[in-house]
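A quick write-up on the structure given underneath.
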Amino acid sequence: MGILDLSGAIKSENVTKPKNVTKPETMTKTCDAYNPKSETDPMTQTHPMIGRNLRIDSDRLWQSLMDMAKIGPGVAGGNNRQALTDDDSTARHLFQSWCAAEGLSLHTDKMGNMFARREGSDASLPPVMVGSHLDTQPTGGKYDGPLGVLAALEIIRSLNEAGLATRHPIEIVNWTNEEGCRFAPPMMASGVFAGVHDLDWAYDRTDAAGARFGDELERIGWVGDAAVGGRPVAAFFELHIEQGPILEDSKTDIGVVTHGQGLNWIRVTLTGKEAHTGSTPMPSRVNAGLGMAQITVLAHQIALAHAPYAVGAVGHCEIFPNSTNIIPGKAIFTIDFRSPDPAVIAAMHDELRTGASAIAKTLGLGIDFELAGAFDPVAFDPACIDRVRAAADRLGYSHMDLVSGAGHDAFWMSRVAPTAMIMCPCVDGLSHNEAEEISQDWAAASANVLFHAVVETAGLVSDD
Ligand code: GLV
Ligand code: MN
Ligand code: MN
């Protein structure tokens with residue numbers, strides 16, 4: 001199967017496997033169906049104002065990124081603003097105040113997703129949604145997430161400044177808990193919005209300390225009144241840093257994301273026997289830490305065997321009781337396998353289970369598997385993709401098609417609305433690292449492409 005043949009399904013029994021979602025009739029139209037390029041209706045053609053001169057304010061966008069990054073600083077110049085922490089709440093308040101200053105109405109849903117709305121000229125039309133997330137990894141950068149939210153805000157600021165109206169409303173969205181580092185799985189709240197996860201199931205997810213997602217959302221004061229999802233969205237656009245090296249290496253301004261790879265997060269629990277590290281004879285040890293080490297190597301080998309279109313690593317691990325002179329009695333760790341091909345993900349998953357079970361048997365360990373996160377590879381909407389490409393061409397930026405290696409809220413949104421993503425380069429392809437960096441010019445170029453794609457989809461209202 002070619003890497004972009006996205007037919008088929010991930011094979012796994014699990015708690016987080018996405019439900020099959022039938023797109024409501026109102027959500028099945030393509031980007032073009034909402035804004036057809038009709039010869040007879042000038043309102044739906046590319047508006048003359050949507051020309052090269054329509055640009056966001058690069059300095060203002062950059063300043064907002066820097067101001068947001070002051071909240072939840074990390075220890076090395078990046079951010080630690082994990083979902084549903086006090087810092088997450090502070091970031092939301094700052095975003096709320098910026099939206100209020102632009103005259104947007106804000107509503108928050110029961111998952112804490114924030115929607116800041118600028119009305120369109122036609123109240124019967126569904127919104128064009130644009131955004132990303134403000135939560136970060138524990139050692140996250142300043143741009144993974146915030147660039148997409150604050151570029152959306154910059155679009156609104158630019159429209160307001162220019163006095164331009166659109167036919168569709170535009171809604172900026174800040175999705176709750178995209179990262180999934182504190183509460184797995186990632187893209188949790190957009191998943192509820194798109195109908196792939198149940199609200200109560202999401203509320204019951206817990207962090208490493210046992211805190212419930214629902215309780216923490218309430219504690220930070222961001223449980224909204226609005227129902228989660230179930231409403232028409234004309235289109236969804238997300239701008240994100242690439243988080244890989246392809247754009248920078250090829251000196252390309254813009255990534256036009258056509259597909260995204262899928263993943264399985266497989267959480268393994270090994271059970272051994274705690275005993276003294278000094279006095280227990282080697283042959284009598286039942287060492288859960290040793291099992292974890294061997295399965296970590298196995299996961300690496302499995303991904304390598306499926307290279308280049310597959311990746312895998314153990315990124316989360318805990319051993320208990322984690323004392324230097326106790327042989328670990330328990331290990332809990334999570335393997336992250338990804339590929340654009342669902343059959344490869346399923347194969348890696350099967351190989352991991354078989355190999356890990358054999359390792360556990362040899363070491364005398366108990367073993368238990370849980371699917372802690374899963375999503376299928378996605379293909380974005382061809383008309384929305386074309387709109388991104390056309391915007392990059394119009395603005396004179398070089399561009400190339402990309403498959404997203406990381407997961408994004410746009411993946412779930414593509415199930416319920418025509419969706420596309422735009423990417424900008426990041427230095428050395430580095431992300432999920434406090435040293436993550438982009439240039440102001442890269443941010444501005446990609447925000448301009450977002451601006452044009454969104455405004456063209458929302459339909460600029462003519463003065464004449
Ligand atoms: C989300 O950040 C992911 O892990 O891809
Ligand atoms: Mn992100
Ligand atoms: Mn991320």
Side-chain angles (χ1 to χ4, degrees), residues 10 16 18 65 68-69 72 74 78-83 85 88 91 95 113 130-152 173-191 197 205 236-244 255 257 259-267 303 310-316 334-340 345 371-378 402-414 419 421-426 429-438 443 446 450:
I10 294 174
T16 53
L65 284 163
M68 183 57 74
N79 280 98
N80 178 4
R81 197 170 56 239
Q82 295 179 62
T85 56
D88 182 3
F95 172 61
N113 295 320
V130 51
S132 193
H133 60 97
L134 292 174
D135 67 312
T136 76
Q137 291 283 332
T139 54
K142 298 190 274 292
Y143 313 98
D144 169 5
L147 176 63
V149 178
L150 300 179
V173 54
N174 169 33
W175 298 111
T176 300
N177 187 32
E178 187 276 349
E179 293 290 3
C181 48
R182 182 174 174 209
F183 299 97
M187 301 124 62
M188 186 196 281
S190 52
H197 304 310
R205 299 304 91 202
F236 176 65
F237 290 93
E238 180 168 2
L239 167 61
H240 207 280
I241 62 167
E242 182 198 341
Q243 306 183 278
V257 186
H259 295 80
Q261 64 179 356
L263 67 71
N264 270 192
W265 282 6
I266 307 156
R267 183 165 300 150
V311 289
V314 172
H316 150 252
T334 311
I335 297 122
D336 183 345
F337 278 140
R338 306 194 189 202
S339 168
I345 297 173
L371 196 66
F375 53 81
D376 290 341
V378 298
L402 282 182
V403 176
S404 172
H408 299 285
D409 296 302
F411 288 24
W412 288 146
M413 285 304 289
S414 71
T419 295
M421 288 191 73
I422 299 159
M423 284 183 174
C424 77
C426 60
L430 189 65
S431 183
H432 286 192
N433 184 314
E434 291 202 42
E436 175 186 283
E437 201 47 82
I438 65 175
S446 56
L450 182 74

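Every heavy atom of this structure was used, including side-chain atoms; hydrogens, water molecules and symmetry mates were not. FYI, the numbering just counts along the sequence from 1. Indexing begins at 1, ligand by ligand and atom by atom, following the structure's order.
- Of the inter-residue distances, the one linking Arg81 atom CZ with Asp88 atom CG reads 7.5 Å to the nearest 0.5 angstrom.
- Between the OE1 atom of Glu179 and the NE2 atom of His432, the angle centred on the Mn ion (ligand 3) amounts to 90° when rounded to 10°.
- Remark: ligand 1 and Gln137 share no N or O pair separated by less than 3.5 Å (distance only, no angle test).
- Using a 4.0 Å cutoff on heavy atoms, Arg338 counts as a contact of ligand 1.
- Close N/O approach between Glu179 and ligand 1 is found [any backbone or side-chain N/O within under 3.5 Å].
- Listed by number with element, the atoms of ligand 1 under 4.0 angstrom from any heavy atom of His432 are 2 (O).
- Within the 2.8 Å limit, His240 places at least one N, O or S atom next to the Mn ion (ligand 2).
- Donor-acceptor pairing under 3.5 Å is recorded for the side chains of Asp144 and His240.
- Ligand 1 places these atoms under 4.0 Å from at least one heavy atom of Ala406: 5 (O).
- Residue-level check: among N/O/S atoms of Asp144, OD2 sits closest to the Mn ion (ligand 3).
- A distance-only check finds no donor-acceptor pair linking the side chain of Asp409 to the backbone of Met187 [under 3.5 Å].
- To the nearest 0.5 Å, the span separating OG on Ser446 from CE on Met421 amounts to 11.0 Å.
- Distance alone, capped at 3.5 Å, places no donor-acceptor pair between the Glu179 side chain and the Thr136 backbone.
- In this structure, OG on Ser339 lies 5.5 Å from CD1 on Ile345, to the nearest 0.5 angstrom.
- In terms of polar-atom proximity, Gly407 is counted as a contact of ligand 1, with an N or O under 3.5 Å from an N or O of the ligand.
- The shortest separation from a heavy atom of Glu178 to ligand 1 is under 4.0 Å, placing the residue in contact.
- Between the Mn ion (ligand 2) and the N, O or S atoms of His133, the shortest distance is to NE2.
- Taking CZ of Phe337 as the reference point, atom CG of Asn264 lies at 9.0 Å (rounded to 0.5 Å).
- Using modelled atom types, no side-chain atom of Glu436 and backbone atom of Ser431 make a donor-acceptor pair closer than 3.5 Å.
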